[in-house]
**Q** 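The structure under discussion is supplied below as structure tokens; questions concerning it will follow.
All values below were derived from every heavy atom in this structure, side-chain atoms included, with hydrogens, water molecules and symmetry-related copies excluded. Order of the sequence lines fixes the chain letters, A, B, ..., with proteins taken first and strands second; residue numbering starts at 1 for each chain.
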Amino acid sequence: MNECRETLFRFCGNRLRYILKGQVSDYVNYMRRLNVQKTENMAADMRLPTFRKQVSLSPSLSALDGKDLVVPGDVITSDTGFMRGHGTYMDEEKLTASVAGEVERVNKLICVRPLKTRFNGEVGDVVVGRITEVQQKRWKVETNSRLDSVLLLSSVNLPGGELRRRSAEDELTMRDYLQEGDLISAEVQSVFSDGALSLHTRSLKYGKLGQGVLVQLSPSLIKRQKTHFHNLPCGASIILGNNGFVWLYPAPGQQDEEAGGYYTSLEPVSLSDREVISRLRNCLLALGAHKVLLYDTSVLYCYESSLPHQIKDILKPEVMEEIVMVTRQKLVEQEG
Amino acid sequence: MENVLCLNRSTGDTSVACCMGSLRTDDLRVDGRGCEDYRHMEIETEMVSNTDGSAKVTLGHTDVLVGVKAEIGKPRPMVPDEGYLEFFVDCSANATPEFEGRGGDELGMELSNTLYKVFNNRYSVDLKSLSISPGEHCWVLYVDVLLLQCDGNLFDAISVAIKAALFNTKIPKVHISEDEEGGKEIELSDDPYDCMRLNVENVPCIVTLCKVGHRHVVDATLQEKACSVASLIISVTHKGTVTCVRKVGGGSLDPESIFEMTETGKRVGKALHAPLMELLQEEESLGKKRQKVGFLDTTLIVAVSHCP
């Protein structure tokens with residue numbers, strides 16, 4: 001009888017043992033004992049707020065010289081000989097800025113390029129977007145721009161070869177490929193006259209995105225580079241979309257199929273990979289909060305300088321400042 | 001596989017699967033926190049000058065402002081020797097565009113009703129100390145909550161802010177004098193520092209536990225909230241006493257998981273009070289030397305002049 005009970009205990013664990021014996025109060029006490037052990041480890045981090053200064057290396061190194069920054073309402077010039085471009089308006093014959101940003105002068109044209117803006121796409125930009133609607137022969141994609149972008153059915157790779165004609169059946173089974181809420185990586189094919197973007201996923205590296213983490217930042221922080229797909233040496237891969245959406249995912253390994261296509265693997269991701277991705281996500285948020293230009297080198301330096309800290313501590317203001325300071329120094333050293 | 005079943009199409013898809021997979025086996029959330037860790041919290045009191053007590057709490061990206069005003073009113077007929085609290089939650093359109101117009105009313109009503117339930121007991125606030133003359137006059141504390149920014153976990157932030165605001169509340173002392181006809185006259189003392197403070201030791205803090213996959217998490221962000229189907233709201237005092245338990249969300253909870261969540265909630269809630277009271281005492285002791293930060297976020301302004 002005792003042996004039987006022991007076996008039952010070993011297989012079913014403490015919980016069932018107590019319930020079988022009919023001693024619910026003992027179970028409650030057992031749970032309470034478990035709970036007491038955990039109390040020491042956690043404490044909510046509460047503090048009084050303080051003024052946070054933006055991190056900058058030194059006044060001489062900051063790129064203020066030569067840059068003309070304006071805020072809305074600032075008079076740019078009173079000279080009437082200039083043509084006014086985007087971001088400006090005429091206020092009693094004085095050219096005034098309507099957005100906060102940098103003044104650009106091209107011969108006689110003056111325009112203001114804003115620092116924080118919606119994504120203005122150009123042909124060839126890599127974007128990460130989310131499907132919002134499935135319409136006839138096209139999908140509507142949200143890419144942080146003024147209008148939803150369009151992904152035509154004819155601009156995606158369907159199984160069965162690229163030159164296959166799109167039939168009526170393809171139209172009816174659009175939802176099998178991409179549904180509302182799916183994330184995709186795509187390239188801008190063209191820009192419509194109203195400013196909406198037309199996307200395409202006609203390469204193996206674009207397509208539906210599998211397991212990973214999306215970080216939403218401002219589009220002006222992403223540096224334009226040759227390639228936006230990077231396999232970071234720390235063990236994760238990153239897609240820096242020009243529209244400010246950054247996708248972090250575990251490195252693909254030795255697969256033949258790339259990140260594109262429509263097969264999403266739902267296999268559990270290992271803990272070490274997940275830790276790397278969480279750390280990268282926090283680093284990206286830290287860099288975004290301090291307005292550092294994002295490209296693979298800056299992200300990598302930030303990751304390295306964040307290693308001495310715990311992942312959840314990276315989002316604390318003072319740790320963020322420290323990490324961004326070290327990253328900026330490394331970047332300056334690398335350039336110099 | 002619960003990953004597939006719980007995929008939330010409107011916000012999450014596979015990022016949801018990633019976040020739930022890590023919870024199932026290990027204690028790792030998307031931002032690196034454990035299941036019972038809170039985000040970075042900042043608390044400041046005495047920010048609104050025309051209230052008797054105020055507090056602002058920033059929990060991650062959630063911003064909550066609470067103002068307490070004390071007015072003289074008639075006590076409730078059932079309890080003539082006690083004052084009472086009135087709660088009102090205003091979801092400002094600043095928080096999200098969904099709160100524009102009447103969009104935030106429903107959420108505001110739900111939050112207010114929960115607060116009434118949480119404080120609906122004799123021990124949270126000493127209501128007898130709010131009485132001026134039994135049956136005729138008493139102090140009514142109007143607690144107004146303003147949501148400035150929403151990033152999940154509103155209940156916790158609101159409860160911490162209410163506790164801080166009540167700690168900060170200074171109710172003027174009154175003297176009742178009889179005049180010639182026998183009517184009572186109430187005189188407020190002229191000295192602005194002659195006031196009564198409330199004992200907020202027993203004021204409970206609310207802990208929200210969201211069920212994500214097989215585990216439950218404390219202090220869920222909006223993203224994690226989208227992955228969960230049901231949450232449990234528990235209000236806990238510093239001794240571990242539970243004053244109110246509510247279940248929100250459309251999904252169902254197993255009775256066993258409710259028990260586990262209650263135990264976790266009690267533990268986490270109990271641990272919230274000590275650092276909060278310490279911080280409030282520290283802030284009080286700084287007195288005039290305290291640098292008031294207020295609503296100004298300097299990083300926003302400095303960003304314009306330091307473009308990369």
**Q** Using the side-chain contact (heavy atoms from CB on, under 4.5 Å) criterion, which residues pair with A/Lys140? Sequence neighbours excluded.
**A** A/Thr132, A/Glu133, A/Gln135, A/Arg138, A/Asp148, A/Val150
**Q** For B/Glu98, is the CD atom crowded, meaning more than 12 foreign heavy atoms sit under 6.0 Å from it?
**A**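 At most 12 heavy atoms, drawn from other residues, nucleotides or ligands, come within 6.0 Å of this atom.
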**Q** Measure the CD-CG distance between B/Gln223 and A/Leu214 for me, rounded to the nearest 0.5 Å.
**A**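 Between atom CD of B/Gln223 and atom CG of A/Leu214 there are 7.5 Å.
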**Q** Using non-hydrogen atoms and a 4.5 Å limit, figure out which bit of A/Glu275 sits close to chain B: side chain, backbone, both or neither.
**A**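 Interface part for A/Glu275: both.
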**Q** Less than 4.5 Å to any heavy atom of chain A: does that hold for the side chain of B/Glu278, its backbone, both, or neither?
**A**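 Neither part, no heavy atoms under 4.5 Å.
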**Q** Counting only heavy atoms closer than 4.5 Å, note whether B/Leu59 contacts chain A via side chain, backbone, both or neither.
**A**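 Looking at B/Leu59, nothing touches chain A.
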**Q** Side chains of A/Leu315 and B/His40: closer than 4.5 Å at any heavy-atom pair?
**A**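 They are not in contact (no side-chain heavy atoms under 4.5 Å apart), so the answer is no.
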**Q** Quick check: closest heavy atoms across A/Ser278 and B/Arg29, and the distance to 0.1 Å?
**A**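 Smallest interatomic distance, heavy atoms only, reads OG-O, 3.4 Å.
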**Q** To the closest 0.5 Å, what do you measure between CZ (B/Arg33) and CG (A/Asn282)?
**A** 9.5 Å
**Q** Quick one: pull up CG in B/Asp31 and CG in A/Leu285 and give me the separation to the nearest 0.5 Å.
**A** 9.0 Å
